[in-house]
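Atoms within a ligand are numbered from 1 in the order they appear, just like the ligands themselves. Numbers here are sequence positions counted from 1.
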Amino acid sequence: MSQAFYFEELDNKIGVLYFDLQDEKVNKFSTPVMEELGKTMKDLSGRGDLRALLFMSRKEDAFIAGADVLEIKDLSDPENGYQVARKGQEIFDYFSRMPFPTISVINGACMGGGTELSLACSYRLVTDNPKTSIALPEVNLGILPGWGGCTRLPRLIGLQKSFDVILTGRKMNHKKAYRVGIADKIIAAEWALEKAVQFVEEILTGNAKKYLIRRKSKGLLPLIFEKNPFGRNILFSKARQLILKKSGGHYPAPLRALEVIKQSHGKSIEKSFEIEARALGDLVVTPISKNLVQIFLWTQEIKRENGTNNPDLKGVSINKSGVLGAGAMGGGIAQLFASKGIPIRVKDINNEALAGAYKQAGTVLKGQLKRRRINKYEYTQIMHRISGTTDYSGFGHAGIIIEAIVEDLEIKKKVLSELEKTCAQDAIIATNTSSLQVNDMADTLLHKERFAGMHFFNPVHRMPLVEIVRGRHTSDKTIATLFNLSKSLGKTPIVVNDAPGFLVNRLLVPYMVEAISLLEEGHTINDIDKSMLRFGMPMGPIALFDEVGIDVAHKAAKILRKFMGDRIAESTILEKLIEKGRLGKKSGKGFYRYSAKSKEADPLIPLIIDKKEHSELNKDEMNRRMVYPMINEAARCLDEGLVSRPRDVDIGMIFGTGFAPFRGGLLKYADSEGLDKVTDALESFAERFGSRFKPSDSLQIFARDRKGFYKT
Ligand SMILES: NC(=O)c1ccc[n+]([C@@H]2O[C@H](COP(=O)([O-])OP(=O)(O)OC[C@H]3O[C@@H](n4cnc5c(N)ncnc54)[C@H](O)[C@@H]3O)[C@@H](O)[C@H]2O)c1
């Protein structure tokens with residue numbers, strides 16, 4: 001293995017240990033890297049002549065990405081997991097036992113193991129680089145900080161503040177890291193080494209006390225809650241309730257991390273390390289952790305891809321943009337582009353809509369301002385990047401224009417051909433349509449190769465998925481440009497072919513409509529929604545109708561029914577609700593009734609629907625009736641080549657609909673159920689509830705020949 005650590009000695013007996021993993025963009029801890037670190041630190045522990053040791057990264061804007069996730073994936077024995085944790089704790093512990101102070105100088109992202117190493121140091125400095133961030137994101141991978149993180153953080157910053165870091169996995173910027181007490185000082189990124197040396201001189205000349213005093217918890221609350229057993233019990237029980245509320249009890253890692261912190265409170269560091277390592281060993285082998293790790297690895301894979309079969313294709317980099325339509329989506333797209341530093345021109349046919357888009361962007365940004373994600377200066381900068389117009393002025397400079405006007409093919413065609421006359425010859429044109437065909441719209445364009453779908457989800461600032469839709473004529477360059485652009489906007493893209501509903505809506509709409517069938521068969525809104533919440537969906541299917549808008553969902557269902565025929569259940573309920581002006585949350589009532597702060601299933605709904613014969617279903621059957629048809633349809637999508645691999649179905653569903661990540665995605669879930677079981681259940685549903693459930697030939701082939709979507 002190539003070298004990863006480099007020691008340099010400055011004139012004044014201050015050592016600097018640089019981490020610079022060769023041939024890698026970021027520093028991460030694999031087994032050989034850890035071994036090298038252990039050996040290096042052992043050697044350095046004999047250097048009693050040194051006055052201090054600085055630990056730094058030589059990667060630009062990146063400190064340490066954490067442990068090598070591929071190695072986590074391969075751990076299948078709890079005892080091995082335990083040993084890996086113990087070894088890591090032992091190596092990092094060198095930093096706390098050196099005969100001189102150790103100082104971690106954090107510039108750029110510092111994740112997981114990087115944070116745990118830093119916690120073992122005597123002091124931590126963070127730079128003011130906007131890319132500097134600190135987190136212990138292990139719970140997002142179904143594990144916990146097992147290299148000393150669960151042990152050291154509560155001892156450093158107190159219980160309550162450490163819960164917020166360890167149990168959520170949330171990232172904090174340099175200011176927050178300083179505020180909560182993880183960092184002792186913020187220093188200028190440009191002068192990181194000089195400032196770190198100054199800091200060393202300061203602490204070595206008797207000024208260390210002020211930093212150590214700053215770490216001591218102040219105020220009444222820590223006194224009441226952390227310093228006595230009664231208060232601590234309240235803290236632990238509240239934290240537990242919060243985890244259960246947020247995770248629906250599906251994610252064991254935060255609960256176990258909490259337990260580790262509780263059990264190890266007041267114990268020696270060594271005893272605490274033992275408890276922490278055992279817990280890591282148990283968690284790392286669970287299917288839930290394996291699924292979460294796999295999702296993480298997929299997202300890493302996507303970061304290296306460009307959406308085409310030609311890995312060398314770069315696409316065009318975009319620094320100016322335009323959007324047609326200043327509605328819900330146009331406003332969201334404008335805010336997103338502007339936030340990522342790309343000026344955007346917004347065109348609408350009326351000024352009120354433009355003002356609305358501006359307001360919409362402002363509201364999202366004010367939320368970020370309130371949560372201190374951005375400051376006032378950044379807020380103003382971002383808003384200045386958005387400009388509105390009712391004509392095409394300024395569109396000639398845009399590298400990309402996204403069409404997000406009303407969902408009407410003829411109007412869209414007219415507008416696209418107008419646009420083509422005014423935009424640059426080589427500008428990319430994309431449509432955000434959710435239910436029309438890219439190929440139908442391309443008809444109107446002279447340069448069809450530069451046209452594709454770029455399907456953002458609502459609300460744009462929250463939903464991480466973008467479906468890049470390849471039309472018949474779309475060039476690879478266009479796909480690569482949109483794929484890379486989506487990533488630079490912070491989204492996760494998948495490439496899909498051009499067919500009604502693309503991937504996500506084609507799977508989601510039949511699932512939602514099936515929920516209405518259950519309603520018509522006498523099941524209650526609460527039973528149906530709760531059954532899918534228990535399954536792990538972020539929202540029940542009936543509540544989702546209200547969220548999307550009954551009119552919007554009805555339009556999508558109509559288009560898909562035309563394409564999918566009797567594979568989607570028949571129902572009249574959506575029309576009836578629309579007639580009554582019940583359009584969902586936006587109109588104050590749909591399936592639910594909304595008040596300022598809450599919602600309740602509307603008791604009038606059973607009186608509105610056309611009742612069908614009552615069906616007897618147990619809880620599992622209720623889930624399966626909604627979820628298995630999605631598996632059935634996904635098999636068809638793969639067979640048709642709508643997406644190229646099962647991974648894209650799972651990424652699409654997790655990032656586009658919030659499909660239970662702990663289950664690994666729709667098709668991972670199907671494999672864990674067993675495709676024989678899925679086909680048998682679908683056969684039985686077909687007999688009881690109609691032919692729409694019949695297992696597709698594609699699914700039967702997957703079940704018979706491959707025994708699973710991911711098996712070859
Ligand atoms: N709303 C969603 O949940 C959602 C999600 C994904 C995709 N989409 C798609 O995004 C597109 C826009 O949807 P929306 O919800 O923002 O619609 P919207 O009705 O909120 O906004 C459409 C805007 O387009 C404007 N417009 C109409 N004709 C125009 C023209 N000739 N030139 C410029 N502007 C014009 C209207 O004035 C309006 O402001 C649709 O294609 C829709 O299918 C919507």
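By the criterion of a heavy-atom distance under 4.0 Å, neither the backbone nor the side chain of F457 is placed next to ligand 1. Under 4.0 Å from ligand 1, heavy atoms of I349 appear from its side chain as well as its backbone. At a heavy-atom cutoff of 4.0 Å, ligand 1 is contacted by no atom of K414, backbone or side chain. Heavy atoms of E403 found under 4.0 angstrom from ligand 1: none, in either backbone or side chain. The parts of S434 lying near ligand 1 are both backbone and side chain, judged by heavy-atom distances below 4.0 Å.
The number of heavy atoms from other shown groups lying within 6.0 Å of NZ (K412) is above 12. Counting non-hydrogen atoms of neighbouring residues, nucleotides and ligands closer than 6.0 angstrom, the CZ atom of R645 exceeds 12 such neighbours.
Considering backbone and side-chain N/O of A328, one or more are found under 3.5 Å from N/O of ligand 1. When only interatomic distances are considered, the shortest N/O to N/O separation between M329 and ligand 1 falls below 3.5 Å. Where the criterion is an N or O separation shorter than 3.5 Å, residue side chain and backbone included, E407 meets it with respect to ligand 1. Ligand 1 has a nitrogen or oxygen under 3.5 angstrom from a nitrogen or oxygen of N432.
Remark: minimum distance from atom 32 (N) of ligand 1 to any protein heavy atom is reached at K347 NZ, 3.7 Å. The protein atom (non-hydrogen) at minimum distance from atom 21 (O) of ligand 1 is G327 CA, 3.2 Å. Atom 6 (C) of ligand 1 has F456 O, 3.2 Å as its closest protein atom, hydrogens excluded (heavy atom only). Ranking protein heavy atoms by distance to atom 31 (N) of ligand 1, first place goes to V415 CG2, 3.2 Å.
Contact atoms of ligand 1 toward H455: 6 (C), 7 (C) (distance under 4.0 Å to a heavy atom of the residue). The atoms of ligand 1 that sit less than 4.0 Å from any heavy atom of T433 are 41 (O). The K412 neighbourhood of ligand 1 comprises atoms 40 (C), 41 (O), with distances under 4.0 Å to a heavy atom of that residue. Taking a cut-off of under 4.0 Å to the non-hydrogen atoms of A353, the atoms of ligand 1 that pass are 39 (O). Those atoms of ligand 1 with a heavy atom of N458 less than 4.0 angstrom away are 1 (N), 2 (C), 3 (O).
Taking the six-membered ring for Trp, Y669 and F709 have ring centres at least 6.0 Å apart. Taking the centre of each ring, Y511 and Y628 stay at or above the 6.0 Å mark. Checked against the 6.0 Å centroid criterion, the rings of H397 and F395 do not qualify as a close aromatic pair.
Between the choices V406, D348, I405, the shortest heavy-atom distance to atom 11 (C) of ligand 1 belongs to I405.
Contact check for L489 versus F456: side-chain heavy atoms found under the 4.5 Å cut-off.
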Residues E449, K477; criterion salt bridge (charged side-chain N to carboxylate O under 4.0 Å, His left out); working and verdict: CA-CA 9 Å; E449 72 292 343; K477 186 174 145 195; over 6 Å; no

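Using bins of under 30°, 30° to 60° and over 60° for the plane-to-plane angle, the ring pair F662/Y251 lands in the perpendicular bin. Between Y594 and Y592, the angle of the ring planes lies from 30° to 60°, which puts this pair in the tilted group. By the 30° and 60° cut-offs, the orientation of the rings of Y710 relative to W298 is parallel.
Distance check for atom 16 (O) of ligand 1: a protein heavy atom is found below 4.0 Å. Proximity of atom 19 (O) of ligand 1 to the protein is not indicated, since no non-hydrogen protein atom lies closer than 4.0 angstrom.
The pair E521-K612 does not meet the salt-bridge criterion, since no charged nitrogen lies less than 4.0 angstrom from a carboxylate oxygen. A salt bridge links R450 with E420: the distance from a Lys NZ or Arg NE/NH1/NH2 to an Asp or Glu carboxylate oxygen falls below 4.0 Å.
Of the possible polar contacts, none joining the K668 side chain to the I295 backbone as a donor-acceptor pair under 3.5 Å is found.
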